[in-house]
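See below for the structure under consideration.
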Amino acid sequence: MFAISLGDDGAELRPLEPWQAEEFLAHMDRGREYIGKYIAFPDKSTDLESSRACLQSYADKAAADTGRIWGIWLGGSGGRGGTLVGGVLFRTMDAPQGTAEAGCWLEPSAVGKGLITRAARVVIDWAIEERGFHRVEWLVSDENAASIAVARRLGMTKEGTLRESYLYRGRRASMEVWSVLAHEWRAARDG
């Protein structure tokens, strides 16, 4: 398996696949309350079968070229070992339109290390440079200050707020829409 170094702290970005369902479930269990505050992965991954199904849905998206998922590990090396502490994904990818929606999650033990920003830079660069995508979106609850800060660090522009657009755990959340266009990404990265 391949691993991409995310820096000198030993953090690695690796594919997250159905065979890793047990590790994914243990990760969700460690961060269930924290992760589930804004995203549904913990609600969709409550046992081994549902964790495998969640990861399989992304394997199916990868096969159809409509989404991808990667995990972030700390403490391993060269694609082996370590602890899964979070991840980044393209929840949706529309190759003909050249647009993708990025997302992320992290367990509490890994917060404040810049892992999401570093990992998101890798996958956004891949989408733009390798795949030729024109636009990457970041949809985030207007209450999720940490994720909004990541969007800013990635050089994204806030386009607006979809008021009470997301029904989650019986409550309507307003979602901010952030994005970066390919030419903006290149200018920021190269400047």
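Since we're looking at a predicted model, the values are computed, not measured. Reckoned from all heavy atoms, side chains included, excluding hydrogens, waters and symmetry mates.
Contact check on R68 versus E130 returns no salt bridge, with no Lys/Arg side-chain nitrogen under 4.0 Å from an Asp/Glu carboxylate oxygen.
Counting heavy atoms from C-beta on, the side chains of I124 and M156 come closer than 4.5 Å. Put simply, the side chain of L139 does not reach to within 4.5 Å of the side chain of Y166, judged on heavy atoms. Taking the side chain as every heavy atom from C-beta outward, M93 and R131 approach each other to under 4.5 Å. The side-chain heavy atoms of F41 and C54, taken from C-beta on, include a pair separated by under 4.5 Å.
Relative ring orientation between F24 and W105 is described as perpendicular, the plane-to-plane angle rising above 60° on a 0-90° scale split at 30° and 60°.
With W178 contributing its side chain and V150 its backbone, the two residues share no donor-acceptor pair below 3.5 Å. Here the side chain of Y38 pairs a donor or acceptor atom with the backbone of E143 at under 3.5 angstrom. In terms of modelled atom types and a separation under 3.5 Å, the side chain of T83 and the main chain of V85 share no donor-acceptor contact. Side-chain N or O atoms of Y58 include none that pairs as donor or acceptor with a backbone N or O of E17 at under 3.5 Å. In this structure, the side chain of R32 engages the main chain of S45 through a donor-acceptor pair within 3.5 Å. Looking at E184, its side chain does come within 3.5 Å of a backbone N or O of L181 through a donor-acceptor pair.
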Any chance you could lay out the side-chain contact (heavy atoms from CB on, under 4.5 Å) test for W73 and L6, step after step, and finish with the verdict?
CA-CA 10 Å; W73 277 262; L6 294 176; over 6 Å; no
Intermediate values then yes/no, side-chain contact (heavy atoms from CB on, under 4.5 Å), V122 and V88
CA-CA 10 Å; V122 170; V88 291; over 6 Å; no
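Each salt bridge (charged side-chain N to carboxylate O under 4.0 Å, His left out) pair with one or both residues in residues 97-123, not counting sequence neighbours, appears once here: D9-R118, R30-E107, R91-E101.
Scanning for ring pair (Phe, Tyr, Trp, His ring centres under 6.0 Å) contacts around W185 gives an empty result, with sequence neighbours left out.
Here CG of D125 is found 9.0 Å from CZ of R186. Values are rounded to the nearest 0.5 Å.
The closest side-chain donor-acceptor pair between S57 and D60, if any, does not fall under 3.5 angstrom.
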